[in-house]
Amino acid sequence: MIDVVIVGAGPNGLMLACELALAGVHPVVLERHAAPTGEPRANGLVGQVVRLLDRRGLYAQLSGESTPPVPQPAFAFGAFPLDLTMLAENPHYVLGVPQAQLEAGLAARAAELGVDLRRGHEVVDLRQRPDAVEVYLADGTQLTSRFVVGADGGRSATRRLAGIEFPGVTNDRSISRTATVTVPASSLDPETGGLRVPGYGVVAPFQHTRTGRGLIAWAPFPNRPAILSTTEWPDTPTNDETPMSLAELRASVARVLGVDMPLGAPDGPALLRRLTGRNTRIAARYRAGRVLLVGDAAHVHPAIGGPGLNLGLQDAVNLGWKLAATVRGWAPQGLLDTYESERRPVAERVVMSTQAQSALIGPGDEITGLRELFAELLRKPQVTGHIAALMSGADTSYPADPADPLAGRCAPDVVVHADRRAIRLAELTRTARPLLLDSTGVYAEVAAPWRDRVDVVTGSLRGTTATALLVRPDCFIAWSAGDAPSLRASLTHHFGLPR
């Protein structure tokens, strides 16, 4: 019997497969496409997920950098530029790699860990038994697995086959057009990299620029074709199913900016995409018996602000250790159910954020007035800090002991000084095992009965006020220094009874 079948080999499915393999579970990943599509989707990762990739040893591989990630000095919220340099603690990270590169990197890591990835295998039916799930494929093959996880996107077949409803709203007013383009060299602003448009001015790079008629975004990525996109709200919704063209995008740019802008096609494959409307939906439940959902299979929302992969990949890491513990038999009662109770509120906050940004970029004088007020608020560091924490996911906090001020929060970038060297937390979390950091030397004995599943590192700690931290595999704090009974209780609560 297979331990876990994961349906979908996108970033979320591959990340979950890696997490399970690190925990000693053997997943099979089923992908209906025979080969990676290479279809342009997300253009990078935004938020705390960048730190998470660093803590799994993936950041250097994906970024090509040998140094840890650093926060970005600026970003955007609802077509407002955010000056993050005003913050004492900036939580906002960005990793500018296209989704195809991310998927390739995760697929390579999965292969290193022995994950069984089967492409060209489409799931057409699921039948649950009390102890397993029977998985039926389009070619007539049948597999039996202890659990099935749907990581197969917003139109998830897994979700449908499991009978999980997908409530929410669809707004068909907006039309977004996106293409890879070339522009005349004279149109590039040498100082900012922005798009200089005669008769309008400069469209700032990597920002959303709103006019009274629509939205435009210019992304001159290094070493790959630039991307130009527009969003409009026509008075009459259209259901045009003809393929999008560069001429159509050029006409949209002219409407949004009020002036014409020459556009050319890049050499090689080009992106030409039109999206009508927006879906905002969260699955009625993340689990139906032995079937679970991650990423877009569990939630969809507008893409503004780029939170999708931040949300989905952290779903996968939250679920991974809990599902592995369940398969391996040491999970405490109810651990797997905390996947939804912890991650659903995070999805609800992302939905709130993207809906708020969608409202702020809309047309009309009323929205213009709202934006003027919002611009005043963003001059206050506490407001910008609040929004930066929301967009990055740094404000995520899971239910925990209210007497423990650090429990439930993401672990800071602690440095452990041991064995005459400084060890970054990111070096200690690559195995995805629970971790006890102890600067006192007195807690190691308490954790000894859990040595089969909890690593202990002793040494002085820098980057935290705590003298000891118990860190979950997803890098959230389970416990910070108290007494021995409270540590023993937290170990049992999170990681089960010792053998």
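Since the model is a prediction, treat every value here as computed from it, not as a measurement.
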From the list Arg56, Arg421, Arg55, salt bridge (Lys or Arg N to Asp or Glu O under 4.0 Å) with Glu427 holds only for Arg421
Between [Y] and [X], is there a side-chain donor-acceptor contact under 3.5 Å, judged purely by atom types and distance?
X      : Y      : value
Tyr286 : Arg159 : no
Ser460 : Ser439 : no
Gln357 : Ser353 : yes
Gln314 : Asn310 : yes

When rounded to the nearest 0.5 angstrom, what distance separates NE2 in His299 from CZ in Phe166?
-> 8.5 Å
Could you check whether any side-chain N or O of [X] sits under 3.5 Å from a backbone N or O of [Y], counting only pairs where one atom can act as donor and the other as acceptor?
X      : Y      : answer
Asp54  : Pro68  : no
Tyr93  : Leu45  : no
Arg210 : Gly362 : yes
Asn90  : Gln72  : yes
Arg177 : Leu249 : no
Arg273 : Met244 : no
Arg371 : Ala79  : yes
Arg213 : Ala254 : no
Arg344 : Ala283 : yes
Asp474 : Trp321 : no

More than 12 heavy atoms of other groups within 6.0 Å of Glu112 CD | yes
Closest approach of Gly193 to Pro220 (non-hydrogen atoms, all atoms of both residues) | O-CG, 3.6 Å
Does the distance from a Lys or Arg side-chain N to an Asp or Glu carboxylate O, for Asp413 and Arg424, drop under 4.0 Å?
-> no
